Structure formats: C-alpha cells, structure tokens
Amino acid sequence: MSGIVVFGAQWGDEGKGRFVDYLASKADVVVRYQGGNNAGHTVVADGVTYKLHLIPSGILSKGKACVIANGVVIDPSALKKEIDYLAERGVSVDNLYISDRAHMIMPYHRELDALNEKKLGDFKIGTTGNGIGPCYKDKVGRTGLRMCDLLDEESFPEKLKKCIEDKNEIITKVYGGDPLDYEAILEEFRAHAKYFRPFVCDTVSMLQEYKEAGKTMLFEGAQGMLLDIDFGTYPYVTSSHPNTGGVCAGAGVGPQVITDVIGVVKAYTTRVGEGPFVTELFDATGDAIREKGHEYGTTTGRPRRCGWLDLVIVDFAAKTSGITGFAVSRMDTLGGLDKVYVCTGYDIDGKIVNTYPASLETLAKAKPVYKEFEGWSSDLSSIRKYEDLPDAAKTYIEFIEQQTGVPVVMIGVGAGREECIYRGL
Ligand code: IMO
Ligand code: MG
C-alpha cells in the first residue's frame with residue numbers, strides 16, 4: 001500500500017492539478033481532504049482544458065474512485081454545477097463518493113463572507129467569496145450542517161430553521177443586510193438531498209477497505225502551505241489545513257498511510273488576495289510573468305501577484321509538512337529571461353533570517369536576499385529527460401535541492417499532461 005500526498009508549497013495555484021492528474025494514473029483512489037470550491041485546478045487532458053474546483057482531478061482518469069472527504073466544505077449548488085460541467089464533456093462521475101461527515105457551505109455562509117469582507121474594508125482578506133471561512137467557523141463553533149444532516153428528511157428542516165434564524169439575526173443586526181428566506185432555502189436543499197443521496201457514503205470505512213486491500217491512495221491538497229490556518233500568513237490565509245497534517249483529520253486515516261509527500265512549487269511565486277509577499281515584483285518583469293503565465297485566478301479571475309521564487313517559504317513548507325519530493329511547475333514560463341533570482345533569506349533589521357516569521361509586522365520589514373541565476377530558453381515543452389534541460393535550468397533545480405535537502409522529482413515544462421520530466425515516483 002502507498003499513500004501519496006500532493007499539495008501546494010506556496011500560496012496556491014502552483015499547478016497542482018497536472019501533477020495530481022499524473023499521480024492519479026498510479027492510484028486506485030483520489031481523495032480531497034480540505035478546502036472547498038475556493039480551489040481552482042486546471043488540468044489539460046487529451047488537449048481539452050478542464051477547470052475543477054471541488055471534484056478531485058482524478059476524475060479525469062477513467063475508473064478511479066474519487067472521494068470528497070470529511071475535511072472538505074461542500075457548497076451543494078457549486079458541486080452540482082461541476083458535476084453537470086463534467087457530464088457535458090462526457091466525463092463520468094459514477095466513481096464520485098462524498099463523505100457523510102463533510103460540512104455544507106450554506107447560502108448564509110456566502111452572504112456572511114461578502115458582508116465581512118466589505119466590513120473589513122482596507123483590512124479585507126481578499127477571500128474568494130465562496131463562504132469558506134464562515135463555513136469552517138460554524139464547523140469549529142459546532143453549529144454547522146453536514147451531508148448526513150441533509151439526507152435526514154425528518155430532522156433537516158428544524159436544523160436548517162434554527163441556523164437561518166441565528167444567521168439572519170447576525171446578517172440584519174450586525175451587518176445591516178437583508179434576511180434570507182427559510183422556505184426558499186429549504187426547497188433548494190430538499191432538491192439537493194435528492195440529487196446527492198446516491199453519492200453520499202461513509203468514506204472513512206471506504207478508505208479503510210482500500211488500505212486493507214493494499215491499494216494506492218492519492219491525497220489531493222487544495223490551496224497551499226502558506227494559506228494554512230496555522231502555518232500561513234495569518235490572518236491572510238484560508239480556514240483549513242492544506243498541509244500534510246490536514247490529511248489525517250480531513251480524510252480519517254492514520255499517519256502510517258502516508259508514504260510520500262509531494263510539495264508542488266511554481267518556479268516563481270504567485271499569490272492572490274491580500275497579505276505579505278516578500279519577493280513580489282511591482283515592475284515590468286512581474287507583469288511579463290503574469291501575462292506569459294496567464295496568472296489570473298481560475299476561481300475568481302483576479303490577476304495574481306507575481307514575484308521571484310522564495311526558498312524561505314518553500315523550505316518552511318518542506319519542514320512543516322515532511323515533504324519527500326518537490327514537483328516544480330512552470331519552468332517554461334520562467335524561461336526566456338536574461339537573469340532569474342531566488343530568495344534565500346530575509347534581511348530583517350540587518351539580520352539574515354532563514355525561517356518564516358509568524359508576525360506580519362516582522363514580515364513587513366523583511367527584504368529579500370537574492371541569488372542571481374542565468375536564464376534559460378522558454379521552449380522546453382519537448383524535453384522529457386532531465387539531462388536534456390539547458391544547463392542553466394538544471395543549475396536552478398539543483399539549487400532548490402541543495403537549499404532544502406529535498407529532491408525535485410517532477411518538473412513541468414509545458415501545460416499538457418505529458419509535458420513533464422519525471423525523475424522517480
Ligand atoms: P488553489 O487550490 C490561491 C486565497 C484567497 C484569499 C485566501 C482566503 O486553486 O491553489 P478563502 O476564500 O479561502 O477564504 O480565501 O486564500 N485562496 C487561494 N489562493 N489558490 C487557491 O486555491 C486559493 N484558495 C483560497 O485568494 O487570499
Ligand atoms: Mg487555483
């Protein structure tokens with residue numbers, strides 16, 4: 001049996017989808033363990049581009065079981081839309097399994113997300129507006145609604161009524177917003193119950209059976225390490241644990257199940273939303289990377305902030321998540337520049353720091369310490385062997401390995417499924 005975790009080692013959008021897609025071909029089951037439809041995973045398979053938000057990218061590999069586990073927050077209307085989107089493209093969802101323990105994102109969560117961001121004004125988080133934070137807040141506050149609640153036709157109306165009454169009080173009295181209509185929401189969710197019943201099951205027992213049968217499991221993370229609620233740039237984070245620690249709690253498996261941890265690293269750095277970003281570029285190079293890399297959000301369409309590779313955060317991700325191998329994406333996008341730079345430490349009040357600080361005030365003072373590298377050609381898409389990469393690109397990859405002590409096991413050289421160099425795994 002093996003259990004492979006693949007997750008982002010930066011601020012999300014590292015290009016996880018394509019590596020997950022590849023690793024899924026080796027797995028029997030693909031599991032999403034945290035986050036919700038704030039994720040946007042783009043996978044190009046057989047020349048067709050798919051944009052996924054909640055459904056594991058493994059759905060594109062025929063015959064794989066795909067699990068949306070208990071740690072994920074599910075917006076039923078968004079999930080239904082995604083299932084329809086796949087069906088229109090001839091992709092079957094017969095193998096999709098949804099945890100009965102997963103919490104639901106309710107209409108009031110989306111409403112509260114928007115109202116709260118508006119109230120925060122200049123201090124807004126820059127969320128995706130999908131109700132993720134308010135839903136996890138209810139989960140931890142023990143006032144959430146789960147998929148198993150949805151399916152219980154007798155008790156659900158009463159539970160929903162109580163939730164809506166409570167939330168309407170907050171929406172109207174705290175934010176001055178309009179109350180939500182219980183009857184309309186009940187009707188909508190009755191339809192959801194009917195639609196989702198065939199998908200919902202005890203995914204904990206299911207994964208246990210896979211484990212006992214010696215099958216390979218792939219755990220697909222959304223967002224990234226620096227958006228982790230504990231280790232990210234708090235409060236400019238998401239409300240879940242994208243890191244390896246999130247796998248056990250979010251899927252209901254023991255740590256022994258995990259054999260490999262793949263951290264996906266973009267060859268440069270991007271971030272959407274607010275919050276510190278030490279290597280951010282505000283110049284023409286940053287704009288050029290954004291345009292060349294089509295660095296606009298899959299979920300919200302927002303332009304992504306772009307900057308040089310920051311090894312302080314990547315090393316932090318490796319250490320806090322036990323990363324055993326990196327998958328480096330977008331080497332082609334970074335190509336074509338004369339010189340490229342990698343941040344190896346932060347200068348904070350004249351002291352060089354190599355660990356990621358907790359305090360935003362400290363981070364605000366951090367100036368990146370850069371090492372300069374020669375650039376390489378951007379036309380790498382036909383390369384399949386590491387030896388065939390331009391020397392400058394190899395030097396760059398080997399520097400990442402030296403600085404972090406973690407091998408680079410996969411290298412993306414183009415957008416297509418096959419445009420990748422595999423070195424083990
Ligand atoms: P994938 O899986 C990049 C960011 C938002 C915001 C913060 C909180 O595509 O890599 P939330 O809606 O989660 O409460 O927003 O987290 N964020 C992402 N950034 N990629 C993502 O997912 C993200 N999901 C959330 O921009 O800064
Ligand atoms: Mg994305």
Side-chain angles (χ1 to χ4, degrees), residues 1-10 12-28 30-31 41 43-45 56-58 61 64 216-222 224-225 242-244 247 255 257-269 309-311 313-335 342 373 376 380-425:
M1 193 239 14
S2 48
I4 306 166
V5 181
V6 53
F7 77 106
Q10 293 155 313
D13 303 321
E14 297 89 352
K16 297 176 283 291
R18 65 94 54 89
F19 295 113
V20 174
D21 180 48
Y22 165 75
L23 291 168
S25 65
K26 299 176 174 293
D28 299 294
V30 186
V31 186
H41 296 169
V43 185
V44 182
S57 311
S61 300
K64 308 285 167 189
T216 298
M217 304 188 217
L218 180 66
F219 299 96
E220 172 181 357
M225 179 62 209
N243 74 347
T244 317
V247 173
V257 161
I258 300 167
T259 53
D260 302 271
V261 181
I262 306 300
V264 184
V265 175
K266 205 181 261 187
Y268 45 95
T269 311
L309 178 63
D310 182 346
L311 282 186
I313 66 170
V314 171
D315 186 54
F316 182 59
K319 294 201 163 68
T320 49
S321 271
I323 292 176
T324 56
F326 286 127
V328 176
S329 65
R330 301 298 198 122
M331 282 298 280
D332 52 321
T333 305
L334 194 59
V342 174
F373 290 85
W376 53 86
L380 309 174
S381 62
S382 60
I383 299 177
R384 297 290 172 273
K385 284 198 200 123
Y386 181 73
E387 305 76 71
D388 297 339
L389 275 176
D391 285 343
K394 282 192 277 200
T395 305
Y396 193 79
I397 294 289
E398 283 156 28
F399 186 71
I400 297 173
E401 295 181 322
Q402 270 164 30
Q403 288 282 299
T404 58
V406 175
V408 172
V409 293
M410 292 183 257
I411 301 165
V413 290
R417 203 178 213 171
E418 63 299 333
E419 288 169 355
C420 200
I421 297 169
Y422 300 105
R423 307 164 80 200
L425 251 187

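Just so it is clear, the values below take in all heavy atoms, side chains as well, and ignore hydrogens, waters and symmetry mates. Quick caveat: nothing in here was measured; it's all calculated off a predicted structure.
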Any side-chain heavy-atom pair from Asp21 and Ser61 closer than 4.5 angstrom?
yes
Any heavy-atom pair between the side chains of Lys266 and Asp13 that's under 4.5 Å?
yes
Report the relative orientation of the aromatic rings in Tyr396 and Phe373; use parallel for angles under 30°, tilted for 30 to 60°, perpendicular for over 60°.
perpendicular
Any donor-acceptor pair under 3.5 Å from Arg18 side chain to Val44 backbone:
no
Look only at the side chain of Thr259 and the backbone of Gly3, and say whether a donor-acceptor pair between them is shorter than 3.5 Å.
yes
Looking at every non-hydrogen atom in both residues, tell me the closest pair between [X] and [Y] and how far apart they are.
X      : Y      : result
Thr244 : Ile258 : CG2-CD1, 3.9 Å
Val30  : Ala24  : CG2-CB, 3.8 Å
Asp332 : Gly412 : OD1-O, 4.0 Å
Phe326 : Ala318 : CZ-CB, 4.0 Å
Met225 : Ala317 : CG-CB, 3.3 Å
Ala9   : Glu14  : N-OE2, 3.5 Å

Report the distance from atom [atom1] of [X] to atom [atom2] of [Y], rounding to the nearest 0.5 Å.
X      : Y      : atom1 : atom2 : result
Phe316 : Asn243 : CZ    : CG    : 9.5 Å
Tyr422 : Phe19  : OH    : CZ    : 7.0 Å
Ile411 : Ile383 : CD1   : CD1   : 10.0 Å
Gln402 : Leu311 : CD    : CG    : 10.5 Å
Glu401 : Ile397 : CD    : CD1   : 7.0 Å
Ile421 : Met410 : CD1   : CE    : 12.5 Å

Trp376 vs Leu389, side-chain contact (heavy atoms from CB on, under 4.5 Å): CA-CA, chis, key distance, verdict
CA-CA 9 Å; Trp376 53 86; Leu389 275 176; over 6 Å; no
Residue from Asp260, Val261, Val20 passing side chain to side chain contact (heavy atoms under 4.5 Å, CB included) with Ile4:
Asp260
Checking Leu309, Ile323, Thr269 against Val314 for side chain to side chain contact (heavy atoms under 4.5 Å, CB included), the one that qualifies is Leu309
Report the C-alpha separation of Phe7 and Ser321 in whole Å, then their side-chain angles, then the decisive distance to 0.1 Å, and conclude whether the side-chain contact (heavy atoms from CB on, under 4.5 Å) test is met.
CA-CA 10 Å; Phe7 77 106; Ser321 271; 3.3 Å; yes
Is the shortest distance from a Lys or Arg side-chain nitrogen in Asp391 or Lys394 to a carboxylate oxygen in the other one below 4.0 Å?
yes
Who pairs with Ser57 by side chain to side chain donor-acceptor pair (under 3.5 Å), at least two apart in sequence or on another chain?
Glu220
Under the criterion side-chain contact (heavy atoms from CB on, under 4.5 Å), I'd like the reasoning laid out for Glu419 against Leu380: C-alpha separation, chi angles, the key distance, then a yes or no.
CA-CA 9 Å; Glu419 288 169 355; Leu380 309 174; over 6 Å; no
